[in-house]
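This report concerns only the one structure given below.
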Number of protein chains: 2
Amino acid sequence: MGESLSPRARQIVAAARDLLESEGADALTMRRLGERLGIRAPSLYKHLPNKAALEVALIADGFEEAAETFDAATSAAKEPLAALVNAYRAFVKRNPQLYRLMTERPLPRERLPAEVEHRAAAALVRAVGSPERARAAFAFIHGMVVLELNGRFPDDDGLEPAWRAGLAAFANPASIDALRGRSRDGAA
Amino acid sequence: MGESLSPRARQIVAAARDLLESEGADALTMRRLGERLGIRAPSLYKHLPNKAALEVALIADGFEEAAETFDAATSAAKEPLAALVNAYRAFVKRNPQLYRLMTERPLPRERLPAEVEHRAAAALVRAVGSPERARAAFAFIHGMVVLELNGRFPDDDGLEPAWRAGLAAFANPASIDALRGRSRDGAA
DNA sequence: GTCTATAGTGGGATAGAC
DNA sequence: GTCTATCCCACTATAGAC
């Protein structure tokens, strides 16, 4: 993945990420990217074959970072789902435009490093216990962050209660008991 | 809303919707739209001030239709939440690109008919009983449909179980309200 | 590795004739 | 209400010199 890029290409991808986050997806053009780097747009093509490759690199980096932070947040957590949600929200808050890029279109899976998507999802499956519950929980989490990102919850006051409601709904029984301060032993 | 548009403008918006759904957002250009109607692009500006107005009209129509179908589906339903989810999924399946247009960016609320957004959301609030539960359920539903739309659930086999898991989670007040009002590090 | 020059495409929008 | 002609913009990408 990113390791297959030259050092100069890595610099370009880093600049692209800055540009993306600071000015949005529409501003991510080869001209503007060249500007940021103090070179002309055509020079970029000596380091990256085309713009699609640049976007793939951004997406791949995003998944790798997400997977790492999710793993780190949940590995030793007493409440893995809550910890994951915190890490997830933090990632989106740090990288809102990148998150959009990662999720708004079908993934170019064949051009991404193998397993990068699966690794990012693994922490969630671990946290909720089963793939179908993970899918449902993922939908809730993704829905919450994109709706917030898109200003679909005008009154931010209602946000935290909604997160609590969803967390409680998707926590497995043992987790609910843990949150209540009960023993897990009796959980089915 | 749409009623403030001339009949010809209404025809244009209808053609735009066809174009949007059949070829995607990138194909929705004034030139291509003119093609569909058998006229030149500049002629469109006699009926609509600019492209943004066209998109606003599309979004407004989408919300009106959604509100109507959601109302119709839930008004006499024994299981309002399940009925709403069915209607919601059907709307997205019929209008995937329009749904994207309606949800992927911050809403130009000041340019939409008043209450149109609220009306579309009202059925869900009725179905789940409280605004915060509605928000959480909305996030789940929206997350599910966009992730499906974006091919994020590669194996479609897992889709229906995920819907069932989510529905069950949000239909069970006990699980949702378990932590209601309680501050959690995982949520707050 | 960067440059200039440029091709090629496509977009939104306006002016003014008919 | 539609046309032609046109402007101005921006983009990706290539060729070839340095």
Side-chain angles (χ1 to χ4, degrees), chain A residues 2-61 97-98 100-101 104-106 108 110-112, chain B residues 2-60 97-98 100-101 104-106 108 110-111:
Chain A
E3 289 73 359
S4 75
L5 298 178
S6 72
R8 185 53 168 152
R10 290 266 86 206
Q11 291 176 358
I12 292 172
V13 172
R17 187 154 162 186
D18 282 350
L19 177 57
L20 173 68
E21 284 304 343
S22 60
E23 307 193 37
D26 288 349
L28 185 60
T29 72
M30 300 303 264
R31 279 165 158 79
R32 306 266 288 122
L33 180 53
E35 252 177 53
R36 283 236 162 181
L37 290 155
I39 63 177
R40 305 291 167 187
S43 304
L44 299 169
Y45 291 85
K46 298 289 186 184
H47 309 283
L48 292 164
N50 49 48
K51 192 187 178 184
L54 176 68
E55 291 176 343
V56 166
L58 287 167
I59 292 169
D61 285 1
Q97 301 292 344
L98 177 59
R100 276 207 164 103
L101 190 64
E104 275 191 352
R105 300 291 152 194
E110 68 290 347
R111 310 174 64 185
L112 290 177
Chain B
E3 288 73 1
S4 76
L5 298 178
S6 72
R8 185 54 167 150
R10 289 267 86 205
Q11 291 175 357
I12 292 171
V13 172
R17 187 155 163 185
D18 281 350
L19 177 57
L20 172 68
E21 284 304 343
S22 60
E23 307 193 38
D26 288 349
L28 185 59
T29 73
M30 302 304 267
R31 280 165 159 81
R32 305 266 287 115
L33 178 54
E35 252 178 55
R36 282 237 162 182
L37 290 156
I39 63 177
R40 304 291 166 189
S43 305
L44 299 169
Y45 291 85
K46 298 288 185 182
H47 308 283
L48 293 164
N50 49 46
K51 193 187 176 184
L54 176 68
E55 292 176 341
V56 167
L58 287 168
I59 292 169
Q97 302 291 343
L98 177 60
R100 275 206 164 104
L101 190 64
E104 275 190 351
R105 301 289 153 195
E110 69 290 348
R111 309 174 65 184

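Heavy-atom basis, side chains included; hydrogens, waters and symmetry copies ignored.
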Distance check needed: [N] [atom2] versus [X] [atom1], whole Å only.
X      : N       : atom1 : atom2 : result
M30(A) : dA7(C)  : CE    : P     : 21 Å
L28(A) : dC11(D) : CG    : P     : 10 Å
L44(A) : dC3(C)  : CG    : P     : 9 Å
E35(A) : dA10(D) : CD    : C1'   : 12 Å
L33(A) : dC11(D) : CG    : C1'   : 14 Å
K51(A) : dA10(D) : NZ    : C1'   : 11 Å
R31(B) : dT6(D)  : CZ    : C1'   : 11 Å
L5(A)  : dG1(C)  : CG    : P     : 13 Å

Legend entry - Nearest heavy atoms of V56(B) and R111(B), plus distance in Å: CG1-O, 3.4 Å

Inset, instruction - Identify the heavy atoms of L44(A) and G34(A) that sit nearest to each other, and give their distance. - result: CD1-N, 3.9 Å

With a cut-off of less than 4.0 Å, is there a side-chain N or O of [X] near OP1 or OP2 of [N]?
X      : N      : answer
R40(A) : dT4(C) : yes
R8(A)  : dT2(C) : yes
S43(A) : dG1(C) : no

Legend entry - Most 5' of A27(A) and P49(A) on DNA chain D, judged by nearest nucleotide: A27(A)

Inset, instruction - May I ask you to say what G34(A) touches in the nucleic acid, namely base, sugar-phosphate or nothing, with a heavy-atom cut-off under 4.0 Å? - result: nothing

Inset, instruction - Quick one: label K46(A) by what it contacts on the DNA or RNA (base, sugar-phosphate, nothing), any heavy atom closer than 4.0 Å. - result: base

[X] side-chain proximity, nearest of [options]:
X      : options                  : answer
I39(A) : dA5(D), dC3(C), dG12(C)  : dC3(C)
P42(B) : dT4(C), dA15(C), dC11(D) : dA15(C)
Y45(B) : dT2(C), dA13(D), dG12(C) : dG12(C)
N50(A) : dA13(D), dT4(D), dT2(C)  : dA13(D)

Inset, instruction - Could you give me the CA-CA distance, side-chain angles and deciding distance for L5(A) and L48(A), then say whether side chain to side chain contact (heavy atoms under 4.5 Å, CB included) is met? - result: CA-CA 8 Å; L5(A) 298 178; L48(A) 292 164; 4.1 Å; yes

Legend entry - Main-chain N/O of L98(B) paired to E21(B) side chain as donor or acceptor, under 3.5 Å: yes

Legend entry - Sidechain N-carboxylate O distance under 4.0 Å for E55(A), R105(A): no

